[in-house]
Amino acid sequence: MSTIITRFPPSPTGYLHVGGARTALFNWFYARHTQGRFVLRIEDTDTVRSTQASADAIFDALKWLGVDWDEGPYFQTQRFHIYTEYVQKLIDAGHAYYCTCSPEEVEAMRRHAMATGGKPKYDGTCREKGLSKCDHAVVRFRAPRTGTTVIHDVVKGDIVFQNAEQDDFIIQRSDGTPTYNFVVVVDDISMGINTIIRGDDHVNNTPRQIMMYRALGAELPVFAHVPMVLGKDKTRLSKRHGAMSVTAYRDMGFLPEAMINYLVRLGWSYGDQEFFTREDLIEKFTLEHIGRSAGVFDMDKLLALNADHIKATPPRLLTPHLMPFLKERGYPAEEGDYLDQVILTLNARSKTLIEMADQARFYYVETVEYDPAAAEKNLKPESLDPLRLLIQHLESLTDFTIAGLEKIFLTVMEATGLKLGKIAQPVRVALTGKTASPGIFEIIEILGKGAVVRRLQQAVDYIETHVAS
RNA sequence: GUCCCCAUCGUCUAGCCCGGUCCAGGACAUCGGCCUUUCACGCCGACGACAGGGGUUCAAAUCCCCUUGGGGACGCCA
């Protein structure tokens with residue numbers, strides 16, 4: 001095949017949810033993998049529910065994911081003249097007709113069909129009436145009533161539908177606006193889309209669209225229907241499953257690379273490989289490895305992948321993602337060597353950027369506040385001696401490196417007869433306020449002599465005034 | 001109700017197309033252990049699945065059928 005052209009066509013009726021994001025990713029990666037083109041199209045023909053705010057939210061989410069587009073965004077509401085033209089073309093060719101049946105009448109037909117054990121559908125009352133344009137008339141597509149329509153789906157194989165199951169669907173509403181199954185085909189044809197990757201909730205629409213391609217005399221695109229993403233309870237993802245908006249994950253401290261990795265890996269595989277960078281995916285993503293069954297969205301796995309990507313991302317690349325969380329907490333952080341070191345001590349201890357920012361607190365705060373339990377357990381009179389000794393040695397230390405620091409601690413250990421653990425924990429609490437933190441020597445080196453001495457002295461004062469015998 | 005799709009550990013999946021190498025491999029989670037100045041990381045180990053039933057075959061997770069279960073679609077929404 002020549003150049004692959006894919007598209008992502010969200011309707012701007014809400015934020016971009018994880019299922020939609022995965023579809024966008026599949027299309028984008030496939031286009032990039034094949035060095036094809038990726039088109040963004042906003043399906044806003046439902047003028048009542050569509051909003052600019054939603055469209056902006058979708059752009060924002062795609063931008064965060066790093067999904068860019070070669071064409072668009074096209075807005076269907078700006079293409080109405082094209083659809084009107086095509087409707088007329090279809091009517092003239094006898095592939096569509098006006099229908100004046102009211103919604104109530106059609107509803108009655110559906111109920112009747114359902115009651116007699118059939119599929120609810122329009123019965124074709126106006127199909128042969130040869131009605132002409134008039135107020136409140138809709139335009140229906142004259143669908144074939146016999147034979148079969150088959151989808152040659154790349155992921156599911158051939159799917160056969162009896163044409164008798166279909167009905168004459170509406171392509172233009174009584175208010176003159178066109179409907180989905182019609183515009184999607186017109187747009188895909190006119191935009192040259194030759195590969196359609198979408199959720200498998202669309203398979204039932206596909207035979208109608210294929211009929212439309214035929215009526216319009218256009219070549220069929222390749223269809224790839226990917227399975228749905230389900231919630232923990234194996235039902236379709238919805239608000240009650242918690243965060244669905246892609247940007248909500250950004251706000252929860254996830255890296256776009258982790259999100260991409262997780263979403264693409266959900267429903268697609270490449271042998272046993274679990275960790276993928278964006279470049280890996282561009283290189284390896286093909287339609288052949290898309291699975292056939294629906295997958296459950298698993299936050300734990302996303303979290304694990306996020307931790308992996310945080311670990312794998314160099315400080316300078318992580319900084320822009322972490323910075324908003326640092327600022328949010330009021331820390332005077334800025335890109336540079338200090339932050340690089342901070343990140344290096346925290347990246348193996350953080351599943352999210354929020355966790356990382358929270359743990360970075362002691363690096364930026366002027367005076368540390370002690371966790372009550374930590375202070376009670378570790379800041380006791382018996383720690384006074386080692387703490388004071390440490391301050392003494394630290395002040396005269398010229399070799400302020402981990403090696404030099406180790407030497408000092410050894411000296412203090414010998415002088416007091418205490419084991420490292422007995423000394424390190426009080427120091428840890430003095431420096432960070434907590435019992436859990438990065439390595440004690442690393443912290444001291446990064447914080448610097450001044451801050452360390454100050455905090456150790458603060459701990460000494462604390463013990464003397466609060467706990468002293 | 002009708003139509004369509006799906007079915008391997010709790011979850012994501014490899015294997016299935018081209019039966020034997022699978023008493024089924026990896027990852028997440030869980031549980032142990034090791035490492036260790038704390039917490040993590042890392043490493044090692046444990047637990048844990050071919051939905052059920054019929055065929056076909058010397059041989060089936062792999063092919064066929066049925067059942068069951070799950071999902072989706074039936075709009076003047078997309």
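Below, read A as the first sequence line, B as the second, and so on, with proteins coming before strands; counting in each chain starts at 1.
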Checklist entry - B:U62 and B:C74: how far apart are their P atoms, nearest whole angstrom? => result 34 Å

Next on the checklist: Between A:Lys234 and B:U11, is there a contact of a side-chain N or O with OP1 or OP2 at under 4.0 Å?
Outcome noted: yes

Item to check | Partner nucleotide, any strand, of B:C3 [Watson-Crick/G-U, under 3.5 Å] | outcome: B:G72

Checklist entry - Which residue lies toward the 5' end of RNA chain B, A:Gln359 or A:Arg22, if each is placed at its nearest nucleotide? => result A:Arg22

Checklist outcome for this item: Atom CE of A:Met109 and atom P of B:G75 are separated, to the nearest Å, by 13 Å

Checklist entry - When all nucleic acid strands are considered with a 4.0 Å heavy-atom cut-off, which category describes A:Thr235: base, sugar-phosphate, or nothing? => result sugar-phosphate

Checklist entry - Can you tell me how far C1' in B:A14 sits from the matching atom in B:U30, rounded to whole Å? => result 22 Å

Item to check | Check: A:Val264 and A:Asn261 side chains under 4.5 Å, non-hydrogen atoms | outcome: no

Item to check | Sequence neighbours excluded - side-chain hydrogen bond (donor to acceptor under 3.5 Å, both in side chains) pairs with any residue from residues 346-355 of chain A | outcome: A:Ser350-A:Gln359

Item to check | B:G75 to B:A29 separation - P atoms, rounded to the nearest Å | outcome: 44 Å

Item to check | Sugar-phosphate only, base, or nothing, as touched by A:Val296 at under 4.0 Å among non-hydrogen atoms | outcome: sugar-phosphate

Item to check | Rounded distance in Å between the C1' positions of B:G33 and B:C6 | outcome: 41 Å

Checklist outcome for this item: In Watson-Crick or G-U wobble terms, with both distances under 3.5 Å, the base opposite B:C31 is B:G45

Item to check | Donor-acceptor pair under 3.5 Å, A:Ser174 side chain vs B:C76 base | outcome: yes

Next on the checklist: Generate the contact string for nucleotides 22-37 of chain B. Rules: B means base contact, S means sugar-phosphate contact only, - means no protein heavy atom under 4.0 Å.
Outcome noted: ---BBBSS-------B

Checklist entry - From B:C4, B:C76, B:A78, pick the nucleotide closest to the side chain of A:Asn205? => result B:A78

Checklist entry - Heavy atoms under 4.0 Å, any strand shown: does A:Leu266 hit a base, just sugar-phosphate, or nothing? => result sugar-phosphate

Item to check | Between P of B:C4 and CE of A:Met228, the distance in whole Å | outcome: 19 Å

Next on the checklist: Taking the minimum atom-to-atom distance to the side chain of A:Asp46, which one of B:C39, B:C3, B:A78 wins?
Outcome noted: B:A78

Checklist entry - Do A:Phe38 and A:Val67 touch side chain to side chain, with heavy atoms closer than 4.5 Å? => result yes

Next on the checklist: Could you tell me how far B:G53 sits from B:G42 if I compare only their P atoms? Round to whole Å.
Outcome noted: 41 Å

Checklist entry - If we take the C1' atom in both B:C12 and B:G52, what is their distance in whole Å? => result 25 Å

Checklist outcome for this item: Here the distance between atom P of B:C4 and atom NZ of A:Lys119, to the nearest Å, is 8 Å

Checklist entry - A:Thr179 side chain: which of B:G1, B:U38, B:A78 is closest? => result B:A78

Checklist entry - Looking across every strand, which nucleic acid part, if any, lies under 4.0 Å from A:Cys101 by heavy atom: base, sugar-phosphate, or nothing? => result base

Checklist entry - Any side-chain heavy atom of A:Tyr74 within less than 4.5 Å of one from A:Gln78? => result no

Checklist entry - From the list B:U38, B:A40, B:C5, which nucleotide is the closest neighbour of the side chain of A:Lys156? => result B:C5

Checklist entry - In whole angstroms, how far is the P atom of B:C4 from the CG atom of A:Asp158? => result 14 Å

Next on the checklist: Looking only at side-chain N and O atoms, does A:Tyr97 offer a donor or acceptor that is under 3.5 Å from a partner on A:Asp168?
Outcome noted: yes

Item to check | Below 4.0 Å: OP1/OP2 of B:A14 and any side-chain N or O of A:Ser269 | outcome: yes

Checklist outcome for this item: In whole angstroms, the gap separating P of B:C39 from CD1 of A:Ile443 amounts to 13 Å

Item to check | Watson-Crick or G-U wobble partner of B:U37, both distances under 3.5 Å | outcome: none

Checklist entry - For atom P, what is the distance between B:C18 and B:G1, given to the nearest Å? => result 36 Å

Checklist entry - Taking atom P in both B:C23 and B:C50, what distance in whole Å separates the two? => result 14 Å

Next on the checklist: A side-chain contact here means heavy atoms from C-beta on lying under 4.5 Å apart; do A:Arg455 and A:Phe362 qualify?
Outcome noted: yes

Next on the checklist: What's the separation between atom CE in A:Met212 and atom OG1 in A:Thr206, rounded to the nearest 0.5 Å?
Outcome noted: 13.0 Å

Checklist entry - Between atom CD1 in A:Ile170 and atom P in B:G75, what is the gap in whole Å? => result 10 Å

Checklist entry - Within less than 4.0 Å of OP1 or OP2 of B:G42, is there a side-chain N or O belonging to A:Lys311? => result yes

Item to check | Whole-Å distance separating the CG atom of A:Leu346 from the C1' atom of B:C39 | outcome: 11 Å

Checklist entry - Hey, which of these two, A:Ser350 or A:His136, hits RNA chain B nearer its 5' end, going by closest nucleotide? => result A:Ser350

Item to check | Residues A:Arg79 and A:Ser190: side-chain donor-acceptor under 3.5 angstrom | outcome: yes

Checklist entry - Counting any heavy atom closer than 4.0 Å, what does A:Thr45 reach on the DNA or RNA strands: base, sugar-phosphate only, or nothing? => result sugar-phosphate

Next on the checklist: Between A:Tyr249 and A:Phe297 (judged by ring centroids, cut-off 6.0 Å), do the two rings come close enough to count as a pair?
Outcome noted: yes

Item to check | Whole-Å gap separating P (B:A78) and CG (A:Asp187) | outcome: 12 Å

Item to check | Short side-chain N/O contact to B:A73 OP1/OP2 from A:Arg236, under 4.0 Å | outcome: yes

Checklist entry - Looking only at N and O atoms, is any donor in the side chain of A:Arg349 or the base of B:C39 less than 3.5 Å from an acceptor on the other one? => result yes

Checklist entry - Of all the nucleotides listed (B:C41, B:U13, B:A7), which has the minimum atom distance to the side chain of A:Arg292? => result B:A7

Checklist entry - Are A:His202 and the base of B:A78 stacked, counting only ring centres nearer than 5.5 Å and planes tilted under 30°? => result yes

Next on the checklist: Counting the atoms with a prime plus P, OP1 and OP2 as sugar-phosphate, which does A:Lys232 contact under 4.0 Å by heavy atoms, base, sugar-phosphate, or nothing?
Outcome noted: nothing

Item to check | Proximity to the side chain of A:Ser293 - top-ranked nucleotide from B:C4, B:A40, B:C6 | outcome: B:C6

Checklist entry - Looking at A:Arg110, does any N or O in its side chain come under 4.0 Å of the phosphate oxygens OP1/OP2 on B:C76? => result yes

Next on the checklist: Could you tell me the Watson-Crick or G-U partner of B:U62, where both distances fall under 3.5 Å? Say none if there is no partner.
Outcome noted: none

Checklist entry - Which pairs, with at least one residue in residues 253-273 of chain A and sequence neighbours excluded, count as a salt bridge (Lys or Arg N to Asp or Glu O under 4.0 Å)? => result A:Glu257-A:Arg278, A:Arg265-A:Glu274

Item to check | Any donor-acceptor N or O pair under 3.5 Å, side chains A:Thr149, A:Asn163 | outcome: yes

Item to check | Among B:C5, B:G71, B:A78, the one nearest A:Ile159 by side-chain distance | outcome: B:C5

